[in-house]
Amino acid sequence: MSKISSRQLSFIIAVLFSVVKFYVLPAHVSAFSHEAGYLALIVSFAIDFLLLLICLYIVKNQPNSSVYETSVKLFGKTFTKIVFIIYAVYFLIKAFIPILEQKNTISLTFYESQPTLLIFMPYFVVGFYIILKGVNAFSRSVELISLLWAVGLLITLSLSIPAGEYASLLPIIQPVKKVLLGTVNSFIWFGDPLAILFLAEFLIDKKGLYKKAIIGYVVGAVATIVLVMVFYAVFQGIAERQYYAPIKMSKYSITLSNIGRLDYFGSLMFSLVSVYSMTLPMLLATVCINKVINLKNNYIVPLIVTLCELALVFFFQNEIFQNIKFVQTYILPFMLVACYLLPLILFFGVIVSKRKHRIKEVYDV
Amino acid sequence: MKLYKDREKCVSEIKKRLNSDDIIYFDFNAEKTYFTAIYAESLSDKTMLGKQVIEPLQKTASFSSINDVMKSVTLPETDTLNTFADCIDKIIAGDAVILINGFDKAVSVSTKKPSARAVTEPPTASILKGPREGFVENSQTNMSLIRQRLKTPDLKYEKLTVGKQSKTTVGLVYISSIANPKLVKTLRDKINKICVDGIIDSSYIIKCISDRKTSMFKQVGSTEKPDIFSAKLLEGRVGIIVDGSPIALTAPFIFLEDFQSSEDYYTNTYKANFARILRISAVVLSILLPAFFVAAQLFHLQFIPLAFLLTIVGSIKGIPLSPSVEMFVTLLIFEILNEASIRMPRYVGIAMSVVGALVLGETAVNAGMVSTPTIMIIALSGICFYVAPDLNETLSVLRLMFLTIAGFMGGYGIVLLGAGLITYLCDFNSFGTPYLSPYAPINFGDMQDGFIMNFFAEQKKRPSFLQPKNKIRKGEL
């Protein structure tokens with residue numbers, strides 16, 4: 001049976017929510033906010049923190065074990081089913097950009113002269129296998145790979161920190177417009193705490209949920225912000241063109257000329273962690289579809305989800321930046337609604353139902 | 001079929017059913033009572049039978065019941081038998097069966113002749129410090145070695161019989177005040193359900209009771225040393241002893257156990273921790289080194305430092321095979337040499353190593369068939385294997401898998417296979433215990449005896465993943 005503990009959830013939040021922000025986001029946010037990129041990310045993380053608190057409140061206080069049941073109770077079965085199908089689509093789109101980022105990172109850093117599509121395609125076999133194994137194996141794996149995440153981060157930062165010019169991050173106080181521009185344009189990399197709502201039904205205990213989830217979130221946020229700060233300090237004015245940060249930012253270290261490209265090992269470790277971060281939205285899409293159609297065969301839904309994602313990547317693989325632009329221009333409103341509207345509605349629904357329950361209790365007494 | 005009162009009819013029926021020349025039928029009498037002792041010549045101790053069974057019976061004047069017969073015999077293990085099937089089971093197990101004229105029951109006496117070799121140091125688990133005794137093929141001797149270490153009335157030994165033809169004695173050993181009763185029941189049920197012709201060795205039991213029968217990963221622990229076995233029982237595990245096998249089993253089994261050595265507990269904790277880190281690094285190196293070398297040569301030359309790259313370029317110049325094929329072939333030769341040196345008699349094995357390592361390796365390099373770095377990497381990987389000897393079989397398959405994928409896909413292939421392997425292992429349970437405990441799921445309390453070992457005085461609790469009845473291992477020291 002699929003189970004997940006609060007601690008495992010905390011690891012998912014710290015490791016998987018952060019690693020997707022390591023590749024293109026540092027350069028992307030630098031293009032809009034320049035030296036204030038890290039401030040833009042602080043604002044984004046603060047907004048996501050509110051979403052995290054809302055999701056945690058719903059999970060902790062909902063009368064039922066799953067969001068699906070809560071939603072059915074509040075809004076009816078048909079509406080809930082439609083909403084869950086919409087969320088399955090949302091998660092497929094959510095997985096799309098990290099997969100493209102990863103594919104491009106692989107092709108540009110490791111396989112300069114080989115066609116990478118064939119080399120990258122087996123990811124979908126592994127992704128399908130991970131989804132098939134379920135939430136239990138997934139969450140345990142994340143605990144294990146968190147060590148690789150930490151080592152990868154340590155390698156990348158320790159090699160790149162000496163090469164940075166930290167005065168370039170000043171002044172700390174920046175025009176609000178400059179900061180917000182970065183925040184608005186980096187939205188597609190945020191909104192991850194929504195996953196908690198869909199993982200809630202697998203939680204075995206909610207003891208210390210707030211504490212562990214917040215610690216996980218803070219660790220992930222601090223790691224990302226530090227990485228972005230060091231990244232900008234290393235590249236400064238040309239930062240906006242330095243995509244795939246982990247592999248670019250540490251290449252100027254003198255150590256590498258003596259011991260070889262040690263930073264590639266850090267990047268490979270991030271790639272392994274990314275396998276799970278790319279699979280998480282696909283896993284959640286499977287959870288959503290399973291709620292709606294409840295098939296007895298375990299293979300069909302994961303296979304459909306994986307094939308849909310494969311088709312998306314196959315047809316739109318070439319221009320990652322155009323894809324990001326497209327998502328930002330046309331799909332962002334849908335993503336915003338999906339990301340914030342349901343949690344907010346559920347949040348108020350849970351508050352109202354809790355109040356009704358309390359009034360009923362008082363009258364019963 | 002029930003026994004007859006007529007002794008001779010019983011003898012002829014048994015002869016019909018057990019038609020073998022090594023079964024002896026010995027008639028004797030005590031005044032007016034006539035007996036026949038039936039035993040297997042190769043299994044029973046004739047002196048014991050004569051002195052402790054036949055002589056006392058001959059000295060007794062009369063027998064009014066079967067109990068009188070049993071009381072006359074001076075051996076403790078006696079039993080009353082009612083059917084021919086019971087009689088035959090006892091005879092082929094090494095006991096002697098006494099048929100008495102006028103009784104429709106027989107008496108069995110345990111006259112088994114122990115044919116055990118001496119207790120010696122097991123060849124698979126040599127250590128510098130610590131007990132040197134090893135299990136032998138006789139399960140009673142093995143049980144005595146365990147009892148010497150665990151003098152508690154809570155130490156239980158449940159005798160089960162497995163195998164339609166072999167009727168092997170399989171002992172379930174556990175400490176009732178520590179082991180989880182659910183685990184004991186699960187194992188008992190699994191062993192009782194085994195339906196095979198014979199259990200020749202304890203490895204048959206492993207194959208029958210494992211949850212994932214097609215997996216290449218070990219799911220049941222095995223040891224030849226009573227000190228390790230006793231320590232595992234004290235942690236809350238359940239042991240299995242199979243008659244005829246010097247290898248005892250323990251369950252549940254976790255991946256970490258292959259990195260633990262009994263010597264870790266007998267030496268300095270710092271040294272033990274260093275050794276454990278070394279073992280893990282060596283195992284990782286043995287699997288990934290050939291794969292990364294091939295991936296670097298084929299796809300990611302930038303991985304290799306320039307000076308080393310120049311050396312490699314110099315040495316691979318003129319090699320006709322591609323790096324992956326070269327590595328694969330060398331690895332295959334290494335595996336053949338390994339297999340041959342294990343099977344060969346010891347003195348030929350040494351010659352084999354010389355031929356393999358010096359002649360074959362040296363000549364292959366000189367002939368320009370393989371490069372020196374390849375030989376070096378295979379040799380290093382091969383040596384690294386033996387720091388965790390129990391993992392040997394699994395590691396060689398994994399090494400080949402990683403090497404093959406590295407040859408086709410390079411570094412990202414290694415990453416993907418790694419992710420698949422991690423997920424597979426995380427999904428794995430051994431009798432309800434997560435295989436990668438205490439790291440996935442993380443349990444900081446259980447990490448006291450993990451890859452980094454805590455001081456002996458600090459290891460106060462038993463591993464919680466075993467769900468023992470009694471969680472406290474020791475008080476204040």
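Protein chains get the first letters and strands the later ones, always in sequence-line order, with residue 1 at the start of each.
- At a 4.5 Å heavy-atom cutoff, the contact between A/Ile145 and chain B is made by side-chain atoms alone.
- In this structure, chain B has no heavy atom under 4.5 Å from any part of A/Phe138.
- Atom CZ in A/Arg140 sits 13.0 Å away from atom OH in B/Tyr435 (nearest 0.5 Å).
- Here the closest non-hydrogen pair linking A/Val126 and B/Ala419 is CG1-CB, 4.1 Å.
- Closest heavy-atom contact between B/Cys426 and A/Ala137: CB-O, 3.7 Å.
- For B/Leu298, the part lying near chain A is the backbone, with the side chain staying farther off; criterion is any non-hydrogen pair under 4.5 Å.
- Using bins of under 30°, 30° to 60° and over 60° for the plane-to-plane angle, the ring pair A/Phe265/B/Phe303 lands in the tilted bin.
- In summary, the aromatic rings of B/Phe299 and A/Tyr111 are positioned with their centroids under 6.0 Å apart.
- The line from OH of A/Tyr129 to CG of B/Leu421 is 8.5 Å long, rounded to the nearest 0.5 Å.
- For B/Lys190, the NZ atom counts as densely surrounded, since its 6.0 Å shell holds more than 12 non-hydrogen atoms of other residues, nucleotides or ligands.
- With rounding to the nearest 0.5 angstrom, the OG1 atom of B/Thr423 is 9.0 Å from the NZ atom of A/Lys133.
- We find the CG-CD1 distance between A/Leu272 and B/Ile422 to be 5.0 Å, quoted to the nearest 0.5 Å.
- Residue contact with chain B, scored on non-hydrogen atoms closer than 4.5 Å, involves the side chain of A/Ile106 exclusively.
- Only the backbone of A/Thr109 has a heavy atom closer than 4.5 Å to any heavy atom of chain B.
- Between A/Ile119 and B/Tyr412, the closest heavy-atom pair is O-CD2, 4.0 Å.
- Taking 4.5 Å as the heavy-atom cut-off, the residues of residues 439-449 of chain B that approach chain A are B/Tyr439, B/Ala440, B/Pro441, B/Ile442, B/Asn443, B/Phe444, ordered by number.
- Looking at B/Ile414, B/Val415, B/Leu416 one by one, the single match for side-chain contact (heavy atoms from CB on, under 4.5 Å) with A/Ser271 turns out to be B/Val415.
- With a 6.0 Å radius and a threshold of 12 heavy atoms from other residues, nucleotides or ligands, A/Lys251 has its NZ atom above the threshold.
- Within a 6.0 Å sphere centred on OH of A/Tyr210, heavy atoms belonging to other residues, nucleotides or ligands number more than 12.
- Counted within 6.0 Å of NZ on B/Lys469, heavy atoms from surrounding residues, nucleotides or ligands total more than 12; the atom is thus considered enclosed.
- In the displayed structure, A/Lys207 atom NZ is contacted under 6.0 Å by at most 12 heavy atoms of other residues, nucleotides or ligands.
- Both the backbone and the side chain of B/Tyr424 come within less than 4.5 Å of a heavy atom in chain A.
- Within a 6.0 Å radius of CZ in B/Phe328, no more than 12 heavy atoms belonging to other residues, nucleotides or ligands are found.
- Residue B/Leu436 touches chain A through its side chain alone, counting heavy-atom pairs closer than 4.5 Å.
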